[in-house]
Amino acid sequence: MRARVPAWRGLYAILDLPHAGGLEPAAALAGLLGVMEIGPEKAPTIVQLRAKHADAAERGRLARELAPMVRAAGALLIVDDDVEAAMAAADGVHLGQEDMAERTGDRPWTEWLAELRRAAPPGFLIGLSTHTRAQVEHAAGLDVDYIGFGPILRTRSKLAQEPAVGFEELETVCTVSPHPVVAIGGLGAEEALRCARAGAAGAAMIGALVGATEAEVRARATTLATALRHAIDALGQPPSR
Ligand SMILES: Cc1ncc(COP(=O)(O)OP(=O)(O)O)c(N)n1
Ligand SMILES: Cc1ncsc1CCOP(=O)(O)O
Ligand SMILES: [Mg+2]
């Protein structure tokens, strides 16, 4: 996904901080990046830094600390919410509907995104959360690289959450979205396979990737990424685009 034609598919690992397993950010990240050992083309290449409780300075510091580890592993780092930290240190940003509304005010989203593209480095990725079909249709006219869609199921990792959308709705959205669809919310191994079958390009996870040690995180991430990769390969068809 470094180029703006996202052929990427697989596990989208979210490093949610503070880490629920109690690990330091670098240790949790090292666990997630262990999946690169199964080969970049067979592994998740995306890690998102989601640090909702950090202030801008701390998030920027975390992004700068973690980005070299992610790059050294051949993966990509996306920063949640924080355009400035993402542009300074990472490969992309993930924005939600509320993030966009706050950033754009009265301005059309297309105009603000065009400005972001001009300011951002080449290949900078922009992801947008969607929760309804109307939002997916709106996103279809926006210059974003992928959409998140969910929560597919209820999640324990986000307090204020939209209603769960389910797998049937995911399948419909995957057929109508011109952008790759990253499913999110309440996903584990079984659910991720259902997302792949529904046509999702990726499955994003927080809780399923939490462990009390780096080795435990690594084992979870590797198992999930491998299962997802096999399911996608078995489908033998491109994901939603
Ligand atoms: C891949 C992906 N999809 C959706 C989200 C959620 O973003 P948002 O709706 O802005 O909520 P927060 O994560 O910021 O609380 C995501 N982070 N990643
Ligand atoms: C950030 C976010 N946005 C929608 S669901 C969710 C949390 C996903 O976490 P989990 O994989 O633990 O359900
Ligand atoms: Mg957000």
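Source: prediction; values computed, not measured. First listed ligand is number 1; within each ligand, the first listed atom is number 1.
- Using bins of under 30°, 30° to 60° and over 60° for the plane-to-plane angle, the ring pair Y12/H94 lands in the perpendicular bin.
- Selection from I206, L153, L187 by nearest heavy atom to atom 11 (O) of ligand 2 gives I206.
- Of the protein's heavy atoms, S157 OG, 2.4 Å lies nearest to atom 12 (O) of ligand 2.
- Looking at ligand 1, you'll find an N or O of G96 within less than 3.5 Å of one of its N or O atoms.
- Counting heavy atoms closer than 4.0 Å to ligand 1, residue R50 contributes side-chain atoms (C-beta onward) but none from N, CA, C or O.
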Discussion item. Go through it in stages, so that I can follow the logic: the residues are R103 and E98, the test is salt bridge (Lys or Arg N to Asp or Glu O under 4.0 Å), and I'd like the CA-CA distance, side-chain angles, deciding distance and then a yes or no.
Written reply: CA-CA 8 Å; R103 294 256 172 191; E98 285 180 17; over 6 Å; no
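- Contacts between K158 and ligand 1, counted as non-hydrogen atom pairs separated by less than 4.0 Å, involve the side chain only.
- Near G207, meaning under 4.0 Å from one of its heavy atoms, ligand 2 places the atoms 10 (P), 11 (O), 12 (O).
- Contact atoms of ligand 1 toward K52: 12 (P), 14 (O), 15 (O) (distance under 4.0 Å to a heavy atom of the residue).
- In summary, E98 places no N/O/S atom under 2.8 Å from the Mg ion (ligand 3), failing the contact criterion.
- Protein heavy atom at the shortest distance from atom 6 (C) of ligand 1 is S129 OG, 3.2 Å.
- If you look at D81 and ask which of its N, O or S atoms sits nearest the Mg ion (ligand 3), the answer is OD1.
- The closest approach of D99 to the Mg ion (ligand 3), by N/O/S atoms, is made by OD2.
- Taking distance alone, with nitrogen or oxygen atoms compared against 3.5 Å, Y146 stays at or beyond that limit from ligand 1.
- The shortest separation from a heavy atom of G186 to ligand 2 is under 4.0 Å, placing the residue in contact.
- The atoms of ligand 2 that sit less than 4.0 Å from any heavy atom of M205 are 11 (O).
- Counting heavy-atom neighbours within 6.0 Å of R156 CZ, excluding the residue itself, gives a total of 12 or less.
- In this structure, Q161 does not count as a contact residue of ligand 2, since none of its heavy atoms falls inside 4.0 Å of the ligand.
- Short contacts between ligand 2 and G185, defined as distances under 4.0 Å to a heavy atom of the residue, involve ligand atoms 5 (S), 13 (O).
- Of all the atoms in ligand 1, the ones that sit under 4.0 Å from a non-hydrogen atom of D81 are 10 (O), 14 (O).
- Every atom of ligand 1 with a heavy atom of D80 under 4.0 Å away is listed here by number and element: 12 (P), 13 (O), 14 (O), 17 (N).
- One option in R154, H94, K158 has a heavy atom closer to atom 3 (N) of ligand 2 than any other, and that option is K158.
- Contacts with ligand 2 closer than 4.0 Å are made by side-chain heavy atoms of R50 only, the backbone lying farther away.
- Listed by number with element, the atoms of ligand 1 under 4.0 angstrom from any heavy atom of Y12 are 1 (C).
- Closest protein heavy atom to atom 7 (C) of ligand 2: T155 OG1, 3.5 Å.
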Discussion item. Assess the residue pair W112 and T104 against the criterion (side-chain hydrogen bond (donor to acceptor under 3.5 Å, both in side chains)); give the C-alpha distance rounded to whole Å, side-chain angles, the decisive distance to 0.1 Å, and a yes or no.
Written reply: CA-CA 6 Å; W112 186 83; T104 54; over 6 Å; no
